[in-house]
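One is the number of the first residue; the rest follow in order along the sequence. If you're wondering where the values come from, they're calculated on a predicted model, not measured in any experiment. Both counts, for ligands and for their atoms, begin at 1 and track the order of listing.
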Amino acid sequence: MYSEKVMDHFTNPRNMGEIENPSGVGTVGNAKCGDIMRIYLDIDDHQIIRECKFKTFGCGAAVATSSMATELVKGKTIEEALKVTNQAVMEALDGLPSAKIHCSLLAEEAVHAALWDYAQKKGIEIEGLQKPRSDIHEDDTEEEY
Ligand code: FES
C-alpha cells in the first residue's frame, strides 16, 4: 500500500522538531481527520530557506509528507519553495494511496502558511502566495500538543 520511501520517511523522519525564533511558522489542520501539521522556517537575508523543521500530530502519511516537504524546501529560495506542491511531495515519495492525498495537501498548506507568516512579519508580499485557509494559531492548539 505504501511505497518504500513513504515507509522510510515515516519510520525515520527528517527534520523533525522545532526552530527557536523561526522566520516563519505555519500550523494547519484537516477538520475531517483532525490531523495537525506545523512547519518552521529559518530564512536568511537573501530569502533562502536555511532550515526547515516540522511537528506533526497525525497519521503516518502526514509524518512522511511533512518530512519530505522539509527536505524539498531546505536550501531553496522562497520562489522555489512555492513550487513544492503536494504533487511534488507525492512524486518525491513515489506516490500515496488516494485516501492519503489530503495528507500531502496538508504539507503544502503548512509550508505556505509558514511563508505567509514570514511575509507578514517582514511586511512583504510574496508573489503567488495566498493567505492560508486553515492557519491555526498557537492559542487555539495549545491543549492539543
Ligand atoms: Fe489526515 Fe493523514 S489522515 S493527514
Side-chain angles (χ1 to χ4, degrees), residues 1-43 47-122 125-145:
M1 181 174 168
Y2 287 113
S3 72
E4 269 176 38
K5 275 197 191 160
V6 173
M7 291 312 291
D8 177 31
H9 278 263
F10 169 57
T11 49
N12 178 25
R14 328 294 200 263
N15 312 307
M16 197 158 65
E18 54 188 277
I19 296 176
E20 252 182 73
N21 302 317
S23 314
V25 54
T27 310
V28 295
N30 182 298
K32 270 196 191 149
C33 63
D35 291 357
I36 293 171
M37 199 182 279
R38 176 174 292 171
I39 295 260
Y40 301 83
L41 297 174
D42 184 23
I43 300 171
Q47 298 204 332
I48 293 175
I49 298 169
R50 290 287 165 213
E51 194 66 70
C52 179
K53 297 220 181 251
F54 80 92
K55 263 184 168 178
T56 289
F57 182 78
C59 75
V63 171
T65 55
S66 6
S67 167
M68 183 53 92
T70 58
E71 284 286 272
L72 291 177
V73 301
K74 229 165 54 165
K76 299 258 164 72
T77 62
I78 289 176
E79 215 172 284
E80 290 165 337
L82 273 180
K83 294 188 190 131
V84 178
T85 58
N86 79 305
Q87 201 64 40
V89 171
M90 278 201 297
E91 271 166 28
L93 286 169
D94 292 338
L96 279 174
S98 55
K100 293 286 171 181
I101 291 174
H102 77 272
C103 318
S104 64
L105 213 51
L106 215 50
E108 176 188 314
E109 284 174 3
V111 170
H112 285 191
L115 286 171
W116 181 266
D117 182 46
Y118 164 76
Q120 295 284 100
K121 281 184 183 153
K122 285 271 176 195
E125 221 175 277
I126 298 174
E127 214 188 307
L129 179 66
Q130 293 180 356
K131 192 174 191 306
R133 270 178 297 147
S134 58
D135 203 5
I136 300 169
H137 292 285
E138 193 85 21
D139 304 347
D140 305 338
T141 57
E142 229 162 44
E143 282 169 19
E144 300 190 48
Y145 281 90

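Here the protein heavy atom with the shortest distance to atom 2 (Fe) of ligand 1 is C59 SG, 2.2 Å. Protein heavy atom closest to atom 3 (S) of ligand 1, with residue, atom name and distance, is H102 NE2, 3.2 Å. With respect to atom 4 (S) of ligand 1, the closest heavy atom belonging to the protein is D35 OD2, 3.1 Å.
Of the possible polar contacts, one joining the S3 side chain to the L93 backbone as a donor-acceptor pair under 3.5 Å is found. For T70 (side chain) and K53 (main-chain N/O), no donor-acceptor pair under 3.5 Å exists by modelled atom type. A distance-only check finds a donor-acceptor pair linking the side chain of D117 to the backbone of V25 [under 3.5 Å].
Among the atoms of C103, no N, O or S atom falls under 2.8 Å of atom 1 (Fe) of ligand 1.
In this structure, Y40 and E51 have side chains that are not in contact, with every pair of non-hydrogen atoms separated by 4.5 Å or more.
Remark: ligand 1 atoms within the under-4.0 Å shell around heavy atoms of C33 are 1 (Fe), 3 (S), 4 (S). For ligand 1, the atoms sitting less than 4.0 Å from at least one non-hydrogen atom of K100 are 3 (S), numbered in the order shown with element in parentheses.
By the 6.0 Å contact criterion, CZ on F10 is open, its count of non-hydrogen atoms from other residues, nucleotides or ligands being 12 or less.
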